[in-house]
Each structure stands twice: as structure tokens, then as C-alpha cells.
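See structure below.
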There are 2 protein chains.
Amino acid sequence: MNLKSRPRPKHLRIGEIADRAGLRTSAVRYYESAGLLRHPDRVNGRRRYDETVLEELAVIRLAQLAGFTVAEIRTLMHGFARPTPPSERWRKLANAKLAEVDRKLADLEHMRIVLRSLLRCECPTLEDCARVLPPRAASRPG
Amino acid sequence: MNLKSRPRPKHLRIGEIADRAGLRTSAVRYYESAGLLRHPDRVNGRRRYDETVLEELAVIRLAQLAGFTVAEIRTLMHGFARPTPPSERWRKLANAKLAEVDRKLADLEHMRIVLRSLLRCECPTLEDCARVLPPRAASRPG
DNA sequence: CTGGAAGTTCAAGTGAACTTGAAATCAAGA
DNA sequence: TCTTGATTTCAAGTTCACTTGAACTTCCAG
């Protein structure tokens with residue numbers, strides 16, 4: 001039989017996985033405990049991975065770049081009844097996240113405006129600077 | 001003497017201060033303990049304020065709207081040799097903050113781009129979505 | 001066999017800006 | 001006086017994504 005020709009799955013320890021993914025081993029263990037990665041096989045108590053875990057870590061990274069929290073990534077990866085295509089998974093989560101990102105963007109743009117005006121300030125006291133503010137808590141217009 | 005005509009400083013308790021500022025009393029105490037507000041007079045152990053504290057709270061709020069942390073606000077309000085005009089105080093802090101805000105803005109813009117592309121995803125698996133990512137940790141280009 | 005690197009678990013620490021809880025005190029109206 | 005509500009202090013909890021520390025165990029080269 002052609003046992004040799006079949007590429008047998010190299011078993012990798014957590015240190016090598018972490019290195020290849022640019023993570024600390026503690027992060028890999030954390031992802032496992034947080035339900036992002038499933039429990040890998042163990043050899044004498046130590047985790048043994050095959051290379052597919054690197055793809056799962058890449059998914060995690062992609063989702064992080066998109067701003068998703070660990071809880072959201074868990075939903076994304078394991079929170080759907082079986083064969084749910086990525087398109088639907090993303091749609092379920094990305095719209096809300098987009099709205100969230102847009103809110104944060106607006107906040108930061110506002111900060112920029114405030115900061116620029118503060119840099120042009122000529123008030124005699126700090127209290128004078130603050131007098132331009134709306135009387136009370138009016139951060140979100142009713 | 002015209003004692004009546006002189007507006008005597010109404011002494012306000014912490015609850016009223018908090019209400020007028022749109023804060024919780026716990027926040028006002030926190031600001032005091034964090035060195036943003038000085039220790040007010042006490043009557044029978046309870047804090048008594050005059051209305052000027054509302055202006056200091058307005059300064060705090062302004063600074064928060066600009067994105068400053070509590071530590072930075074403390075510097076702003078009490079971290080300068082005495083008669084330092086606001087212009088100089090703001091300048092010392094606002095430039096760095098502006099750079100910080102711009103970095104966060106860029107991060108969020110990037111998230112937006114990623115999210116929009118995910119919403120257009122047609123990959124058969126999540127792992128395929130992630131294949132477009134740069135091989136390893138390349139978040140900041142060298 | 002030995003030493004050191006790498007692995008294990010579990011609890012606790014990090015930072016930011018407050019909030020909450022507990023237990024006690026105080027003011028004021030019925 | 002009773003009772004309610006506001007206040008006090010202090011420590012600890014909250015959220016997030018990990019990291020760190022302590023105390024062991026296991027693997028591997030020499």
C-alpha cells in the first residue's frame with residue numbers, strides 16, 4: 001500500500017501553533033477555553049494539533065480585524081445550526097457591528113472637532129472653555 | 001448692610017450637584033478621589049459644595065468629550081505651575097490626543113472596509129474567507 | 001540520569017472609569 | 001419616635017481579551 005505517499009497529518013504542539021500564528025501559547029489556550037477552538041487531541045496531557053487549526057486561527061484573526069468580540073466570534077464559528085454558509089453567518093453579525101463601528105467613528109470625529117477647537121482656545125480660564133457646552137447631559141439628542 | 005442683596009453661596013449637597021451635572025453621586029465622589037475635584041467643605045461629615053463645582057464638572061465633561069482620560073484631565077486641571085493659561089494647557093495635551101484619535105479613526109475605517117467585504121462574501125467556508133489575510137502577524141507594516 | 005525547555009491547570013492580575021454592596025450615620029417629615 | 005431617604009467609607013465588582021504566576025509534569029539532548 002502506498003502509505004508513504006499519503007501525507008500524514010503532522011502533529012504540532014501548542015508552541016509551534018502559536019509561533020506560526022503569531023500568538024502566545026496563552027492566547028491559544030484562552031481561545032480554546034473561550035470556545036473558539038475545539039479541544040484538540042492530547043498526548044500525555046499535551047495538546048496536539050494538525051495544521052487546520054491554523055486556518056481556524058486565521059478566521060479568528062479576520063473576525064478580530066472586523067471588530068468582533070470573542071463572544072461574537074464564538075457565535076460566528078460555532079453558533080449556527082450545521083451547514084450555514086459564511087454569507088449568512090456574517091450577515092447575522094456584520095450589520096450590527098457595522099452600526100456599532102459607525103457610532104464609534106462618529107464619536108471619534110466629534111472628538112477631533114472638539115480637540116481642534118481646543119487647540120484654538122483663547123479663554124482666560126478652563127471654566128470659560130466649558131461654558132460653550134450644552135447645560136446638562138445632552139450627549140444624545142432626544 | 002445689604003446682606004440680602006449679596007447672593008450668598010447656596011450650599012449644595014452631593015445629590016443635588018450630581019443631579020444638576022447629570023452624574024451619579026458615586027461619580028462625583030470618584031472624581032474627588034481621583035484628584036479632579038478638590039475636597040469640599042464638610043458639614044457633619046457630608047460634603048457641601050458651592051455652585052462653582054458645577055463649572056469644574058463642566059470642564060471635566062468637556063475634556064471627556066475630547067477623549068481625555070481621568071489621569072489626563074487631572075493633569076489638565078491641576079498639573080501646571082499656577083497661572084498657566086488654558087491655551088497652553090490644552091496644547092500640551094491635545095496634540096497627542098489628536099494623534100491617538102486619528103489612529104483609532106484609521107482602525108475603525110479599516111474595520112468598516114473589512115465588514116463591508118464580509119457582507120459581500122460568497123465563500124463556501126469561513127476558512128476560505130480568511131485565506132485573503134496576510135500569512136502571519138502583519139498588522140503594522142514594517 | 002540530569003537539566004532545561006516547554007507543557008499543564010487554575011486563580012488572579014491588567015487598565016479604565018466608574019458602580020455596587022454593606023454597614024453605619026444623619027436629617028427631616030408624619 | 002418611627003421611618004424614609006440621603007449620605008458616609010471602603011472594598012470589591014464590572015467588561016474585555018488576554019497575561020502572569022505558582023506549582024507541577026513531561027520531553028529531549030547530552
I would like to know whether A:T69 and A:E72 meet side chain to side chain donor-acceptor pair (under 3.5 Å); could you show each step before the answer?
CA-CA 5 Å; A:T69 66; A:E72 289 160 343; 3.3 Å; yes
5' priority, DNA chain D, between B:G15 and A:S26 [closest heavy atom]:
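Per heavy-atom nearest nucleotide, the more 5' residue is B:G15.
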Can you pull out the residues from residues 66-76 of chain B that lie within a 4.0 Å heavy-atom distance of DNA chain C?
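Hits under 4.0 Å, by residue number: B:T69, B:V70.
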Given protein heavy atoms under 4.0 Å, the one-letter contact record of nucleotides 23-30 of chain D, with B base, S sugar-phosphate only and - none, is simply ---BS---
Phosphate-side-chain proximity, A:Q64 and D:dC18, N/O vs OP1/OP2 below 4.0 Å
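It does, given that an N or O in the side chain of A:Q64 lies less than 4.0 Å from OP1 or OP2 of D:dC18.
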Does D:dA17 have OP1 or OP2 sitting under 4.0 Å from an N or O in the side chain of A:R24?
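Answer is no, no contact under 4.0 Å.
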For the side chain of A:R47, counting heavy atoms from C-beta on, which of D:dC18, C:dG7, C:dT9 is nearest?
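Shortest atom-to-atom distance from the side chain points to C:dT9.
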Using the side-chain heavy atoms of B:R42, tell me which of these nucleotides is nearest: C:dC18, C:dT8, D:dT9.
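Nearest nucleotide to the side chain: D:dT9.
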Students often get this wrong, so: under 4.0 angstrom with heavy atoms, is A:R29 touching a base, only sugar-phosphate, or nothing?
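Base contact.
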To the nearest angstrom, how far is [X] atom [atom1] from [N] atom [atom2]?
X: A:E32; N: D:dC18; atom1: CD; atom2: C1'; answer: 15 Å
X: B:Y30; N: C:dT20; atom1: OH; atom2: C1'; answer: 15 Å
X: A:L12; N: C:dA6; atom1: CG; atom2: P; answer: 15 Å
X: A:L57; N: D:dA17; atom1: CG; atom2: P; answer: 16 Å
X: A:Y31; N: D:dC16; atom1: OH; atom2: P; answer: 15 Å
X: B:I14; N: C:dT25; atom1: CD1; atom2: P; answer: 20 Å
X: B:D41; N: D:dT8; atom1: CG; atom2: C1'; answer: 17 Å
X: B:D19; N: D:dT7; atom1: CG; atom2: C1'; answer: 14 Å

N/O donor to acceptor pairs below 3.5 angstrom from side-chain atoms of residues 110-118 of chain B, sequence neighbours left out:
{"residue": "B:R112", "atom": "NH1", "partner": "A:D102", "partner atom": "OD1", "Å": "2.8"}
{"residue": "B:S117", "atom": "OG", "partner": "B:V114", "partner atom": "O", "Å": "2.9"}

More than 12 heavy atoms of other groups within 6.0 Å of A:R74 CZ:
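It does: A:R74 CZ has more than 12 such atoms within range.
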Quick check on A:R42: does its CZ atom have over 12 non-hydrogen neighbours (other residues, nucleotides or ligands) under 6.0 Å away?
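Counting neighbours around CZ of A:R42, more than 12 heavy atoms of other residues, nucleotides or ligands fall under 6.0 Å, so yes.
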Should A:R29 and A:E32 be marked as a salt bridge (charged side-chain N to carboxylate O under 4.0 Å, His left out) after you check the CA-CA gap, both sets of side-chain angles, and the distance that decides it?
CA-CA 5 Å; A:R29 286 192 204 97; A:E32 181 184 327; over 6 Å; no
Are A:L133 and B:V28 connected in a single hydrophobic cluster, I mean Ile/Leu/Val/Met/Phe/Trp/Tyr linked by side-chain heavy atoms less than 4.5 Å apart?
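Yes, it is one cluster - the side chains of B:V28 and A:L133 are joined through contacts under 4.5 Å.
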